[in-house]
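Notes for the one structure printed next.
Within every chain, numbering begins at 1; the chains are lettered A, B, ... in the order of the sequence lines, protein sequences first and strands thereafter.
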Amino acid sequence: MTSVPGAQRRTSDPKGFPVSTSTLTSRDAAGKSGDRVFSGAALGAGILILVVLFGVAVFLIIQALPVLGADPADITGGDGFGAYIFPIVVGTVIAAAIALLLATPLGIGVALFISHYAPRRLAMTFGYLVDLLAAIPSVVYGAWGYAVLAPQLAVAYGWLAENLGWIPIFAGPASQTGKTILTAGIVLAVMVLPIITSLSREIFLQTPTLHEEAALAMGATRLEMIWMAVLPFARTGIVSAAMLGLGRALGETMAVALVLSGGALTASLIQSGNQTIAAEIALNFPEAYGLRLSELIAAGLVLFVITLVVNIIARWIVSRHRDFSGAN
Amino acid sequence: MSSALLKTRRSQLTKGRLPGYAIWVVLGAAVVLAAAVSALIGFDVVVWALIAAVFFVVGATLVTAAAEGSRKAADSLMTYLVYGSFVIALLPLLSVIWTVLERGLPGLSYDFFFTSMNGVTGATDNASAENGTPVLGGAYHAIVGTLQITLWASLVSVPIGLLAAVYLVEYGRGGALDRAITFFVDVMTGIPSIVAGLFAAALFALLFGPGTRTGFVASVALSVLMIPVVVRSTEEMLKIVPNELREASYALGVRKWRTIVKVVVPTAISGIASGVTLAIARVVGETAPILVTAGFASSINLNVFGGWMSTLPTFIYYQILTPTSPTNIDASTQRAWAAALILIIMVMLLNVVARLVAKIFAPRTSR
Amino acid sequence: MAVISLAALALTACGSDDVTGGAPADAASGSSTLSGTLTGAGSSAQNAAMTAWQSGFAASSGADVQYSPDGSGAGRDAFLAEGVQFAGSDAALDDEEYDASKEICGPDGAIDIPVYVSPIAIAFNLPGIDTLDLDAATIASVFRGEVESWDDEAIAAQNEGVELPTTPITVVHRADDSGTTENFTEYLAAAAPEAWTDEADGAWPEALVAENAQGTNGVVSTTTGTDGAITYADASAVGDLGRVSVLVGEEYVPLSADAAGRAVEAATRVAGRSDVDMSLELERDTTESGAYPVVLVSYHVVCSSYADQETVDLVKAFETYVVSAEGQDAAAASAGSAPLPEDIRADAMTAIGSITVGSS
């Protein structure tokens, strides 16, 4: 399979191809209208997405607006919206960061295992096994994290607090139940792992065989082949996969709500405390009305903005590397 | 004479390489050493396994480095790490599946599949706990609800998502609109699921009056969550379709839309199917948006466009959070785990089908 | 997708709503003139009782009630937006909401009817100890984390003869905003104002960091799994955990349905509502002998008038069934709630009888 890989949408511009404007096909009226209908539908779908998102944004802003004009004393905590939202923003970022730090290397490792290391016959089965992780609903992850994982980690946390307690993030006294932000981060990591793995795997598998064989023929070891041929080709895909994973980690509700014993902001990852935005919304939403409801929706809006910032950073990374990557 | 020559050649070939048994020696040493170290800090099987793994990876890498040089050492280190990461990824999977099987299997019965929760009250559960009779009530209504709502959500979001991705990759020219769509699709992945539910509820309240709760409202809410996942994964897959394929097709005089439908999409179908499956798997387990859009029913409702519906996740959520009988929660817990098991099996089947679809439609390639 | 649709088609034919093996609910007592569906939403605390009421009502009248346990606040919101015909709520409408209800219910506004009384147990996990006697001030300092060990002087002084362990106290509270937390903190704020300095609220005070879990089930299982833990939860759910008897007046009152009923009877009505409205102001610092003041009262919020006769008939029939002896017994059997006291029930019947067809 010979190929020049990469996102070459600019060169696929029909104007670049003499054939598409040639007289050979211009009389084919049915094909022409088919082209028009198809491109119209594709464009329509894209615009529809913008409209939906615009609708969601308008809905959120209208619902969140009362918070801006409210008396700071009326906001939960009594110090205004900033003081209310700051700790849970930090909590959200901590949980998502733990999840991504654990899941990204692991996910790339697993994807490489399936695409390049495992025996061909078993690879499909292994890939299927990891995809199964995505099949498990978040309520079940929550129940598992709470009933099975947390009690076991509580022991490890006790050890950490005793031996590494001088590091602020492991400061004691450790939680007796193990329901901490670190546990929530680990559960989130397990949940985003299949997303990262599955997408990276598909992209690793698409690496042009010629590139790989060329590298091997030059005497490269398997690691060097992966380093020089596979990873550069897949870099944007990996970032994309990690962003999808991050999106899920940031927005995950039920699992965090069940696993985390939330509270005020604490530096220690092994004490109860910290809260994420999504869990805060889910836990308080049913009993919320009036201003409290606006607060929670405004919190949702903040989550939105965080995702936006993260995506801008990711796009920037991708565009910075595009020029140098072998894939282009 | 010739055999002597062969012999020297062979040793030349394998010179500077570790013999096959070396790895096992390192492994044995690592296990023994780890046992000694873990005995010093308080013995524990998990700690022992962890330390042994670390010792083995470090030891094997050092040995390889000494015998075969640093490039080989780095290569084998990577191999251990890749294998290790797979093992680590399997651990939570096995643990979760074991937990669900252990707690869910006792609740699975014919009646659980084919009856609803209609008429099951706390008194029923108390009676079955006292008399030791089987737990009554089932998840049929929730199974049907899940299938219907997910089906409609897929019918809405897969065409939109696919077309939007096709637009971005095949028609987009990097203009402002393309960049806006790509960017906002990313943003859309960050919509908290409850917000999607509230949005759909507000939209339908606006169109059909307050309190409109049906299965279809839930489908729309789930679509909002599904579309970005479908677009993102499809886009990635379309991008890596080799350009030669398109060019070859154009060179034959094939129309662009025919090229996309017959060449580009089939080439990427395996990845697309995998992405769509992931998207469905993501929304099929959603709880919060269903609660505010589809209500909560305990009897069977087959109409997506009228009446309240239950899905398996809401069934699980409410059985855990508000047990039918607060004094005997075991019956509800059992139903919840059994429903979780059914949900997982459903998504597993979906995975199998997605793979079959991919196999049937994918063109023959070297892989 | 194809599979889903196939499975959906295949499955639609073979399910059954007849779970308990009794007569089909819809066919029962065909003489009834009631038909249609009543829709409600709100308190999840009522959910267990509500399932009992739903099936009991369907069996006796043939009409359906659907109820979504979204939470009290969501239920009241849906009610005021005319999304549902009645709301289940762990708190009566406040004045603002009552005024808003006049727009949808006519000049007399909405009526709050107490339907579900559940004592809140203060439950702890100490092997070998079934009850402890505590006054409100001690309970407050325990939950504030000021009393850190079970053998603290404050606890020991009130429990002579009980061998208290040195186990540290782990406080477990509800992570979600809930009526249970609101009623519990209301009790602490009223009965021990010096010790409990926070305002009564559905959410646990943020400054007090402690273990927490979602839902009644969550706090109970966390407490059951942690030695030396203490929590508060609906009495029906605490199982084998030890329970605190609270000091009321001169004596320690153990938790019972009867004692809870007595506290509800001693409550006064909220002023400024229609004549038949039954919003209760519980006296948490009551000294009445034998009353257990840590109690949750959950309401059904209905309109004083509905636009059409059919809805009025449905609401009247359903609420009459709910507060009747039969309905209250069904709830007690299913959800372990305390039956409504006689006086309250009689007043509730009057209130339900006053619902009319209005021109709103």
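A salt bridge is defined here as a Lys NZ or Arg NE, NH1 or NH2 lying under 4.0 Å from an Asp or Glu carboxylate O, and A:D35 with B:R255 meets this definition.
Put simply, of A:I281, A:V56, A:V140, the one with the most heavy-atom pairs under 4.5 Å next to chain B is A:V56. Of the residues considered (B:V87, B:I345, B:V96), B:V96 shows the highest number of contacts with chain A, using heavy-atom pairs under 4.5 Å. In terms of heavy-atom pairs under 4.5 angstrom with chain B, the leader among A:V139, A:L199, A:L50 is A:L50.
Between the side chains of A:S39 and B:W257, no donor-acceptor pair is found at a separation under 3.5 Å.
Here B:I227 contributes atom CD1 and A:L48 contributes atom CG; the two are 6.5 Å apart, rounded to the nearest 0.5 Å. The NE2 atom of A:H116 sits 10.5 Å away from the CE atom of B:M78 when rounded to the nearest 0.5 Å. To the nearest 0.5 Å, atoms CZ (A:F54) and CZ (B:F184) are separated by 10.5 Å. A:L223 CG to B:S76 OG: the interatomic distance, rounded to the nearest 0.5 Å, is 9.5 Å.
Interface residue B:S95: backbone and side-chain heavy atoms are both found under 4.5 Å from chain A.
Side-chain contact check for B:D75 versus A:E224: every heavy-atom pair is 4.5 Å or farther apart. Side-chain contact between A:F38 and B:Y167 is absent, with no heavy-atom pair separated by less than 4.5 Å. By the 4.5 Å heavy-atom criterion applied to side chains, A:L43 and B:L163 are not counted as neighbours. Taking 4.5 Å as the limit, some side-chain heavy atom of B:M237 sits within range of a side-chain heavy atom of A:E202. Side-chain atoms of B:V195 and A:F304, non-hydrogen and from C-beta on, never get closer than 4.5 Å to each other. A 4.5 Å side-chain heavy-atom check between A:L106 and B:I88 finds at least one atom pair inside the cut-off. At a threshold of 4.5 Å between non-hydrogen side-chain atoms, the residues B:F199 and A:Q63 do not count as touching.
For the residue pair A:S138 and B:G285, the shortest heavy atom distance occurs at OG-O, 4.0 Å. Here the shortest heavy-atom pairing between A:W144 and B:P92 reads CH2-CB, 4.0 Å. Heavy-atom minimum distance, A:G109 versus B:V82: O-CG1, 3.4 Å. The two atoms that bring A:F59 and B:A202 nearest to each other are CE1-CB, 3.3 Å, heavy atoms only. Heavy atoms only, all atoms of each residue included: B:E236 and A:G237 are closest at OE1-CA, 3.9 Å. Residue B:R103 comes nearest to A:A147 through the heavy atom pair NH1-CB, 3.9 Å, listed as atom of the first residue, atom of the second, then distance.
Ring geometry, A:F113 versus B:Y83: the interplanar angle exceeds 60°, so the pair is classed perpendicular (tilted spans 30 to 60°).
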